[in-house]
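Report on the following structure.
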Number of protein chains: 2
Amino acid sequence: MFENVELGHRLDKETYRQRSEAVRLQLLDLEYRLVQERAFATLILINGVDKAGKGETMNLLNSWLDPRHLDSHAIDRPSSEEEERPYMWRFWRRLPPRGRIGVFFDNWYADIIEDRATGRSKRSAFEAALERVRRFEEMLAAEGVLLLKLWFHISAKELKRRLEKLSKDERTSWRVRESDWRYLEHYDEYAQTAAAAIRHTSTGVVPWVLVDGADDRYRAVFVGETLAGAWQRKFEAVERGEGGAPPLVLVPDLEERPNAVSALTLQQPMGKRAYERRLEELQGRLDALVRDARFAKRSLVVVFEGMDAAGKGGAIRRVTAALDVRRYQVVPIAAPTDEELAQPYLWRFWRRMPGHGRVVIFDRSWYGRVLVERVEGLCAPADWMRAYAEINDFEEQLIENGTVVVKFWLAIDPEEQLRRFREREKDPLKRYKITPEDWRNREKWPQYELAVGDMIERTSTEIAPWTLVEANNKYYARVKVLHTLCERLEASL
Amino acid sequence: MFENVELGHRLDKETYRQRSEAVRLQLLDLEYRLVQERAFATLILINGVDKAGKGETMNLLNSWLDPRHLDSHAIDRPSSEEEERPYMWRFWRRLPPRGRIGVFFDNWYADIIEDRATGRSKRSAFEAALERVRRFEEMLAAEGVLLLKLWFHISAKELKRRLEKLSKDERTSWRVRESDWRYLEHYDEYAQTAAAAIRHTSTGVVPWVLVDGADDRYRAVFVGETLAGAWQRKFEAVERGEGGAPPLVLVPDLEERPNAVSALTLQQPMGKRAYERRLEELQGRLDALVRDARFAKRSLVVVFEGMDAAGKGGAIRRVTAALDVRRYQVVPIAAPTDEELAQPYLWRFWRRMPGHGRVVIFDRSWYGRVLVERVEGLCAPADWMRAYAEINDFEEQLIENGTVVVKFWLAIDPEEQLRRFREREKDPLKRYKITPEDWRNREKWPQYELAVGDMIERTSTEIAPWTLVEANNKYYARVKVLHTLCERLEASL
């Protein structure tokens with residue numbers, strides 16, 4: 001989930017100057033329109049890791065926007081008035097009216113996550129609280145409120161660096177409290193809990209936006225452009241008469257924003273000799289795992305996704321070579337059949353779910369909804385926006401059933417793809433594999449890369465993480481796939 | 001919740017003949033269109049009290065519809081294939097495709113309710129399971145499936161009568177099993193659990209439809225007309241290009257369908273002398289309760305709703321007369337202020353919520369959303385349809401906070417209203433109370449009655465029930481109000 005926002009995005013001074021100037025003008029225009037037209041209220045939730053820029057963002061909004069239309073609330077300890085009333089009363093009383101902007105710092109999420117990360121609440125209570133939040137937020141959206149949920153993130157390493165730096169300087173050491181060190185110590189528990197909270201409350205209607213908090217300049221521009229984009233789309237929706245809850249596609253443009261996939265070093269070393277040795281060893285290990293008595297009560301679902309010619313088929317063959325043919329099934333996902341088209345989109349995948357002791361390998365999968373269907377406009381934005389949450393629900397059910405779910409993204413770069421396309425065209429045995437559609441898809445590489453980044457961010461969950469595979473070198477990719485499968489299976493048996 | 005459907009609605013033979021003939025023709029037409037156009041799938045869930053007509057309805061659908069397009073599923077014990085896969089797999093594999101009708105008997109609700117009613121599952125697990133169901137059903141609706149959730153109900157008394165009748169006749173005694181008697185014994189636990197399940201899963205998008213199961217003829221026509229109406233509206237939505245999840249307003253017309261309010265005997269005896277004695281006694285009791293030390297950590301919210309001139313004001317004055325003026329507040333709800341209009345609609349009520357030891361009395365309330373706003377078309381159907389669930393969430397938060405919530409519907413008949421209007425017009429002191437709007441509202445009596453019936457059904461929950469007050473006799477009404485308040489407060493302290 002935090003793969004993209006742990007990359008430490010940065011902006012240089014000059015880019016920052018240009019971008020921030022442009023977005024500030026845009027924000028002031030939009031804010032003015034908001035205040036004039038009073039078409040909707042704006043509520044910004046600021047949550048995330050401490051020291052990842054939450055406070056700075058509060059200040060930023062106050063300086064970039066006209067602060068007369070903005071109310072910031074850091075709700076720390078409840079007043080006696082608040083304690084006598086239902087928990088949410090403290091937020092209801094501070095809701096921004098139409099034409100105003102409310103910023104809620106830490107808000108309803110902070111307590112829920114804190115209670116769970118420290119073990120004070122049980123999982124069921126945690127999930128119940130999140131469901132309630134979800135209903136509340138969906139109600140706000142249906143009432144026309146523009147709800148922007150920002151999650152600020154930095155890695156444990158970066159947090160440690162910051163705390164140490166602040167502590168060393170006596171002018172700033174007061175900013176580091178005992179609780180900050182405690183947080184760092186339990187960073188993983190907090191991150192896992194946060195990921196679960198984000199997964200449960202990121203819906204098509206009110207998605208979370210994850211913000212890389214590593215660099216002040218990048219963060220400022222990212223937040224500014226995200227808010228401007230959200231306002232823009234909300235005004236458009238209101239103009240179309242769709243005031244209530246349009247799905248917001250909240251991603252500033254890609255250029256300066258590498259994601260977890262584009263940041264990979266795709267060319268990894270591995271020679272043929274080493275490959276063959278490792279392959280044999282790993283296939284043997286996988287074979288043994290699948291024959292293990294403990295696997296007889298489990299099952300395995302493997303997802304392969306990747307651009308055309310990324311090597312999905314080749315990797316799959318190296319996996320199946322290790323398996324008894326009676327135990328596995330490879331399901332290639334192409335255009336749906338008539339029968340499949342007549343059903344909810346997840347139906348075609350549900351029908352393939354394995355029984356005990358069995359393996360199903362998907363060559364492309366349900367992620368088509370948020371990849372090809374999104375990029376090609378085959379479904380409405382509302383549909384693929386809600387698909388992230390639906391997919392997470394789906395995979396959660398599999399995992400609770402004891403199914404091991406392993407998802408691979410095979411990453412190559414456009415040059416490598418071109419090389420492989422040309423190679424295929426030359427080979428009469430492989431020529432059939434390359435179609436005009438492949439060339440067309442290739443032109444949409446940036447859009448696909450954006451979609452892949454969002455997919456990883458929204459569906460690489462603590463229970464079903466994605467494995468990103470550097471696949472320019474096929475040998476390396478296949479070994480990583482097999483190795484990951486073995487590790488995940490071993491950990492789960 | 002079950003107030004309306006415990007009235008024992010009946011249809012005479014002749015009405016049945018006419019209505020059933022008409023609706024069967026309509027159903028066949030619509031079914032044919034469904035099969036031809038394949039615009040959406042239809043999924044009918046059949047749940048409820050055993051012996052309330054669930055099986056008969058399954059048979060009915062098979063005989064009234066062309067059964068070639070219908071698949072009925074009673075999922076009893078899971079197969080070994082099903083046991084190896086996630087729980088919902090058994091339903092996914094049976095989902096009807098576009099152009100077909102699936103009927104799921106007992107389906108995913110039966111186990112969830114059974115587990116909770118028998119104490120096998122905890123409240124948190126029960127609620128988590130229902131939330132999951134809710135997300136699943138919303139996904140189906142978003143995917144274009146027409147989901148019709150029917151809950152068949154009969155009272156404990158009626159169930160007992162049926163079981164005894166079946167047992168006596170040796171030709172039918174085989175139909176009564178040990179489990180039926182056990183169910184009857186624990187009828188209240190089951191009914192309470194069912195009410196909670198219905199409350200949690202009745203949303204604007206996929207509402208439950210409650211069916212009075214007392215009479216075969218009535219039930220058949222009700223189900224037939226409900227399905228026909230749902231199909232009709234779904235086709236209209238598809239034509240408008242709103243295939244995904246239109247809010248369905250699923251109420252066959254009122255004429256033969258008295259509801260909990262219209263079925264009341266509004267004229268109840270009580271003379272002035274008895275009234276004055278009881279009034280004094282009850283006011284003293286209420287005064288003592290509100291001064292009770294235990295109330296210092298609680299609070300009280302009272303809602304008064306009723307047609308114009310139903311006596312809300314008079315009843316409220318008899319309540320406040322018993323209270324210390326520093327302890328209570330009366331909030332009359334009229335047109336919202338500018339400030340209130342700029343907020344989500346529940347905001348104006350949240351802001352009035354009492355602190356500890358205090359009482360707030362609403363003269364009209366948040367129920368305006370599903371009464372006047374619905375009837376007058378002041379908000380879209382989608383908005384008032386989702387309001388039932390939002391109101392239930394709201395009241396749940398109050399109750400969990402220790403607030404006692406008491407809701408009164410003051411019921412008079414149109415003749416009594418007319419008498420009171422005329423009386424007011426004659427009285428120079430009361431003339432101001434009557435406006436042209438009151439006369440206009442009066443013309444919409446049937447629409448209001450329908451809205452009130454739906455409101456009671458959908459918001460008289462196990463945690464915040466409505467009290468229906470027969471109010472043609474003001475003395476009786478005021479005494480019932482005060483008596484109810486005292487009883488509810490006593491029970492909660």
Side-chain angles (χ1 to χ4, degrees), chain A residues 38 41 80-81 83-89 92-93 95-100 122 124-125 127-128 131-132 134-136 139-140 142-145 204 244 297 299 338-347 350-351 353-358 380 382-383 386 389-390 393-394 397-398 400-401 403, chain B residues 38 41 80-81 83-89 92-93 95-100 122 124-125 127-128 131-132 134-136 139-140 142-145 204 244 297 299 339-347 350-351 353-358 380 382-383 386 389-390 393-394 397-398 400-403:
Chain A
R38 305 182 75 217
S80 63
E81 257 193 299
E83 274 189 334
E84 294 181 3
R85 291 172 172 81
Y87 179 77
M88 293 306 286
W89 189 77
W92 272 96
R93 66 194 302 220
L95 282 186
R98 280 167 208 277
R100 285 194 76 78
K122 291 197 177 159
S124 57
E127 290 182 358
E131 281 302 336
R132 216 171 241 209
R134 191 173 144 128
R135 291 210 297 273
F136 173 66
M139 182 274 296
L140 288 181
E143 290 282 317
V145 175
K297 290 269 170 195
S299 52
D338 281 1
E339 216 180 314
E340 290 168 344
L341 273 176
Q343 293 281 5
Y345 87 99
L346 281 175
W347 183 82
W350 268 100
R351 69 195 299 212
M353 288 303 119
H356 284 172
R358 299 187 66 82
D383 290 331
R386 68 179 160 81
E390 289 167 0
D393 281 350
F394 168 46
Q397 290 180 67
L398 293 178
E400 286 187 1
N401 184 55
T403 304
Chain B
R38 303 182 76 215
S80 63
E81 258 195 296
E83 273 188 334
E84 294 181 4
R85 291 171 171 84
Y87 178 76
M88 293 305 286
W89 189 76
W92 273 96
R93 66 194 303 222
L95 282 185
R98 282 167 207 276
R100 285 194 75 78
K122 290 200 177 157
S124 55
E127 289 181 359
E131 281 302 338
R132 218 170 239 207
R134 193 174 142 126
R135 293 210 294 275
F136 172 66
M139 181 274 296
L140 288 181
E143 291 282 317
V145 175
K297 290 270 169 194
S299 52
E339 216 180 312
E340 290 168 343
L341 273 176
Q343 293 280 5
Y345 86 102
L346 280 174
W347 184 81
W350 268 100
R351 69 195 297 213
M353 288 303 118
H356 284 172
R358 299 187 66 81
D383 291 331
R386 69 178 158 82
E390 290 166 0
D393 280 351
F394 169 46
Q397 290 181 66
L398 293 178
E400 285 186 1
N401 183 56
T403 305

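Values below: all heavy atoms of this structure, side chains included; hydrogens, waters and symmetry mates excluded. Chain A is the first sequence line, chain B the second, and so forth, proteins listed ahead of strands; every chain is numbered from 1.
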Under 4.5 Å from a heavy atom of chain A, the part of [X] involved:
X        : answer
B:Tyr345 : both
B:Glu390 : side chain
B:Arg85  : both
B:Arg134 : side chain
B:Leu140 : side chain
B:Arg132 : side chain
B:Leu341 : backbone

Heavy-atom pairs under 4.5 Å with chain A are the metric here; pick the option from [options] that has the most.
options                              : value
B:Glu340, B:Arg135, B:Glu339         : B:Arg135
B:Ser124, B:Pro354, B:Gly99, B:Ser80 : B:Pro354
B:Arg93, B:Arg100, B:Glu400          : B:Glu400

### CD on B:Glu143 to CG on A:Asp383, rounded to 0.5 Å
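Spacing of CG (A:Asp383) from CD (B:Glu143) equals 6.5 Å.
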
#### Entry: A:Arg351 side, atom CZ; B:Leu95 side, atom CG - distance, nearest 0.5 Å
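The distance works out to 11.5 Å.
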
### Query
Closest heavy-atom contact between B:Pro97 and A:Gln343?
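B:Pro97 and A:Gln343 have their closest heavy atoms at N-NE2, 3.3 Å.
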
## Note on the structure
Closest non-hydrogen atoms of A:Met139 and B:Pro344, given as atom of the first, atom of the second and distance, are SD-CB, 4.4 Å

### Message
Under a 4.5 Å cutoff for heavy-atom pairs, which residue among A:Arg38, A:Arg358, A:Glu131, A:Lys122 has the most contacts with chain B?
### Response
A:Glu131

#### Entry: Heavy-atom pairs under 4.5 Å with chain B, option from A:Glu83, A:Met88, A:Glu81 with the top count
A:Met88

### Task
Look at the side chain of B:Arg386 and the backbone N and O of A:Ala142, then say whether any donor-acceptor pair between them is shorter than 3.5 Å.
yes

### Query
Side chain of B:Asn401, backbone of A:Glu84: donor and acceptor closer than 3.5 Å?
yes

### Query
Of B:Trp92, B:Phe136, B:Trp89, which meets ring pair (Phe, Tyr, Trp, His ring centres under 6.0 Å) against A:Trp350?
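Filter result, single survivor: B:Trp92.
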
